[in-house]
Amino acid sequence: MGNFDLKRLADSIKSRFDDNETIKSFQGFLKHVEEDPSKYCRNSAQYLKDVFEHYGSYEVVHTSGEKVLRWEIFDKFCPVYGQEIAQNQIYNYICSFAENRTNKIILLHGPNGAAKTSLVASMLGAMEAYSRKPEGAVFAFNWVFSDAGDKEAGLGFGGEGRNKDYDAESLAFTDPEDITFKLACGMKDNPLLLIPRVERALFLEHIGIPKPHHLYTAELSQKSQEIFTQLSVSYDGDWTQIIRHVQVERFYYSKLFRKGLVSIDPQRNADANSRPLNLERSYRIPKILAMSSMYEPFGDLVDASRGIVEFSEIFKRHVNDNKYLLTTAEWGTISLPGFTAQLDCVLFATDNEKNLSAFKIHPDWPSFNGRFAPVRVPYVLKWDDEKKICGRLIAEHVGKSSTGEDSHVAPHTVDILSLWGIMTRLRKSKHDEAKKLTHLEKVELYNSGDGPILWSPKARLGLERDLVDIALEYEDDRSRLIGNGVDDASYEGRSGASYRDIENIVVDAIHQKGKNNFLSPLSVFSTIEAVNKNASVYEFVRLHEENNESYPQYEKGFLPPEEVLALVQTRYCREVSKDLQKAAGLISDDAYGNLFQDYIIHVKAWIKDEKVKNAQTGAYENPNEHLMRRMEEKLEISSSDHKERRREFFAKIAAWTREPGVDVTKGIPFAVLFSDLFEILRRNSEGETKTQLKRIKEFIPLYETEDWKRVPEDWRELVTATVDNMIKSGYTMQSLKEAVVFVVNHTREKD
């Protein structure tokens, strides 16, 4: 192995430094501003808006059935699944701030573990990444002085200057060894503020920046303004000499180094302060600045200037520690010892719903209420989103097996865990039709927007039409009481198992793996059973209980935790049975597809009053009513509804053919379009193959054991093929046997 090429490495770093235009003179900066005004004239809100729009958005379907935008920054940085309503509320507030000014604190509130902090973390991560892109460049400035460069100006550092030529327009590119004094602008002021306000207005009009805009009224921070004033006196008002001392420097947002991105914990008190800048003791400075009265701001808000600050758990702070925010939020200023600082920053706050409700009875709440832009962040209620959350959570915790490979996660573990999480959060509906839904049917309704397939078309359409009202029926409900005279929000998604609760279940279930070394729904069930007995720790376990004299008193409509678990276990047994049925080849999806295709051919002819060609005789005949009714009986469609259902099925296929990108020559994907009907077909066909399936379930636990010889010869081939197919579909031998034994025992208990 040869020596590493350090010169090549150094050249690469230098090239990137130059490409990023890290250092500019003020004159060079001004030229770039003229070329791209919107890039260099952004305040923090405008910058964050550009971050959102740079990474883009796409449409998704909300639990209410409505299409909403999902912003990609919440996919790429600290992923947040669901919460599209909250995302769009945040974006709308930021757009308002960008058009006017930041005059409120965006308050993210909701139950514990609902992704409030993660939403902010996504924005911080996106802002940090965007600032490293050419279009995301952002600049502040430093004051630069040099013995040799300033000698002729008479600013006087003491000592002799070197015999060296210096740029007459700027000291920005002075060699580091020749810089005697360099002072950064702590508030990261936009360099354009170095143009006095009157002339700045003319320049902004020249480059096409319309009023109102923050740069028309903003001023330099106190320290920079004092330096500017003293230099102005020294140079007899020659502005070109003043800006000669300005070095424009690109900076990058960073939460790690607190560069424009800061989270403030509730334990901290002083969010910003200032101290006199004792220059004569600290630096060799120009004489003109030695007696200047300058203050150096410091603290969290100063670090966050021109970026984002998050006040974590804001209502846990003493109310007096937050009162300065009333002025800061409305006017964008901070009162500090010696001066008032202007703050260009997007303010976020997070806290849980209970703390917000408790603060609403505080005498100061009306004052604070007007300074907040509220964004509700509830628990996820869409099953597909919860699957992503649980899938990621399990992937983070499962780890490696003893052989160094990824530990096995049995099929359906993610689906079952996420289903359980959603069901703990749902309340019984008050809607005339929706109140007839089981909790499992309500999960499916929120996930797909489709009503139960066995309902009549009229009832289903009514349910789907009113989905927005159903999803929002508890939106303003405050039936939970957390103290005497203190009510709490009780919207759907306010209560139930949180992300942290589910994480605890996953961790405990993984520890149960033992010698099996895999995670499965069975270990999850065992952990949930233990959780259900621990009502003092897990609030969602108590939600179904009758209210008593004590607080909190919970809202109604939740299922008992044991019932939720039983429903999820039954669903799991159905999924395993379906896997076995398919693996054994008793009836395949292709067979269902052929049956359904024949049915649709006759339905189409029936609707259009046409003939159907008989495949055996070649003769054209009337649609076979007997064939259609037999299929409809399998689909559990009543005789009173069958005509309407036929039209519904045909209309669904017709709508599919009109969707963009559909190629009808490849055939109709019946199993996808009518997945709910196929599920009913499987369930009803199971009765026809019930004996075979029962025997397969009995024999699989004996596979590769001493008892295998007890299995009749004529069954061994089918059982072996079934086992092979189950393993190909994601099971291991251990997880397969565990699942089958559970299904057999669960079925026996129900019988």
Side-chain angles (χ1 to χ4, degrees), residues 43-45 48 86 89-90 92-111 116-117 119-120 212 214 217 262-274 297 299-302 304-305 307-337 339-377 475-476 478 480-491 494:
N43 63 12
S44 55
L48 184 54
Q89 283 184 298
I90 292 170
N92 291 339
Y93 283 135
I94 291 168
C95 287
S96 175
F97 298 160
E99 291 173 3
N100 302 288
R101 62 183 178 83
T102 302
N103 60 356
K104 289 182 182 292
I105 303 169
I106 299 177
L107 173 64
L108 308 185
H109 62 98
K116 299 181 292 296
T117 301
L119 285 166
V120 177
H214 74 286
T217 56
V262 175
S263 292
I264 301 177
D265 296 330
Q267 291 82 5
R268 297 187 184 176
N269 292 325
D271 299 330
N273 211 325
S274 66
D300 294 322
L301 289 178
V302 175
S305 182
I308 292 175
V309 63
E310 174 201 5
F311 295 90
S312 180
E313 299 182 297
I314 189 170
F315 299 119
K316 286 187 177 180
R317 292 158 52 111
H318 193 281
V319 66
N320 290 336
D321 295 331
N322 288 330
K323 282 188 175 180
Y324 79 92
L325 290 172
L326 296 174
T327 301
T328 298
E330 185 166 7
W331 299 109
T333 59
I334 324 168
S335 295
L336 300 175
F339 68 101
T340 297
Q342 291 182 319
L343 182 67
D344 175 17
C345 192
V346 180
L347 306 173
F348 284 90
T350 62
D351 213 329
N352 66 58
E353 201 71 60
K354 184 176 180 180
N355 289 344
L356 172 59
S357 294
F359 187 68
K360 285 182 177 180
I361 65 170
H362 194 281
D364 288 321
W365 166 247
S367 299
F368 279 93
N369 186 32
R371 306 305 194 275
F372 286 131
V375 176
R376 180 178 287 172
V377 186
E475 189 74 0
D476 300 317
R478 302 192 66 85
R480 173 181 291 201
L481 301 178
I482 58 176
N484 188 15
V486 185
D487 60 10
D488 191 10
S490 48
Y491 49 85
R494 161 69 178 86

Might you work through the side-chain contact (heavy atoms from CB on, under 4.5 Å) test for K360 and V486, ending with a clear yes or no? CA-CA 9 Å; K360 285 182 177 180; V486 185; over 6 Å; no

Which distance, rounded to the nearest 0.5 Å, do you find between the [atom1] of [X] and the [atom2] of [Y]?
{"X": "D344", "Y": "T102", "atom1": "CG", "atom2": "OG1", "answer": "7.0 Å"}
{"X": "L107", "Y": "K116", "atom1": "CG", "atom2": "NZ", "answer": "10.0 Å"}
{"X": "L301", "Y": "L325", "atom1": "CG", "atom2": "CG", "answer": "7.5 Å"}
{"X": "I90", "Y": "I106", "atom1": "CD1", "atom2": "CD1", "answer": "6.5 Å"}
{"X": "Q89", "Y": "L108", "atom1": "CD", "atom2": "CG", "answer": "9.5 Å"}
{"X": "F372", "Y": "W365", "atom1": "CZ", "atom2": "CH2", "answer": "6.0 Å"}

Looking only at side-chain N and O atoms, does T328 offer a donor or acceptor that is under 3.5 Å from a partner on R371? no

Carefully, step by step, assess S312 and D265 under the rule side-chain hydrogen bond (donor to acceptor under 3.5 Å, both in side chains). CA-CA 5 Å; S312 180; D265 296 330; 5.0 Å; no

With the side chain counted from C-beta on, respond yes when [X] and [Y] share a heavy-atom pair under 4.5 Å apart, and no when they do not.
{"X": "L48", "Y": "I308", "answer": "yes"}
{"X": "K104", "Y": "F97", "answer": "yes"}
{"X": "D364", "Y": "K323", "answer": "yes"}
{"X": "N322", "Y": "F368", "answer": "yes"}
{"X": "E353", "Y": "Y491", "answer": "yes"}

Going by the rule side-chain contact (heavy atoms from CB on, under 4.5 Å), which residues pair with D351 if we only count those two or more places apart in sequence or in a different chain? E313, I314, F315, N355

Please confirm whether the backbone N or O of [Y] pairs with a side-chain atom of [X], one donor and one acceptor, at under 3.5 Å?
{"X": "S44", "Y": "C345", "answer": "yes"}
{"X": "R101", "Y": "G332", "answer": "no"}
{"X": "D487", "Y": "R480", "answer": "no"}
{"X": "R376", "Y": "E475", "answer": "yes"}

Test side-chain contact (heavy atoms from CB on, under 4.5 Å) on E310 and I264; report intermediate values, then the result. CA-CA 6 Å; E310 174 201 5; I264 301 177; over 6 Å; no

Could you check T340 against I334 for side-chain contact (heavy atoms from CB on, under 4.5 Å), going step by step and ending with a plain yes or no? CA-CA 6 Å; T340 297; I334 324 168; over 6 Å; no

Closest approach of [X] to [Y] (non-hydrogen atoms, all atoms of both residues):
{"X": "P374", "Y": "Y93", "value": "O-OH, 3.2 Å"}
{"X": "V377", "Y": "P111", "value": "O-CD, 3.4 Å"}
{"X": "R478", "Y": "S357", "value": "NH2-OG, 3.2 Å"}

Is it true that atom CG of N320 has more than 12 heavy atoms of other residues, nucleotides or ligands lying nearer than 6.0 Å? yes

Would you kindly check if the NZ (Lys) or CZ (Arg) of R317 is within the cone defined by 45 degrees around the ring axis of F311 and under 6.0 Å from the six-membered ring centre? no

If you apply the rule side-chain contact (heavy atoms from CB on, under 4.5 Å), what do you find for T350 with H109, and how did you get there? CA-CA 6 Å; T350 62; H109 62 98; over 6 Å; no

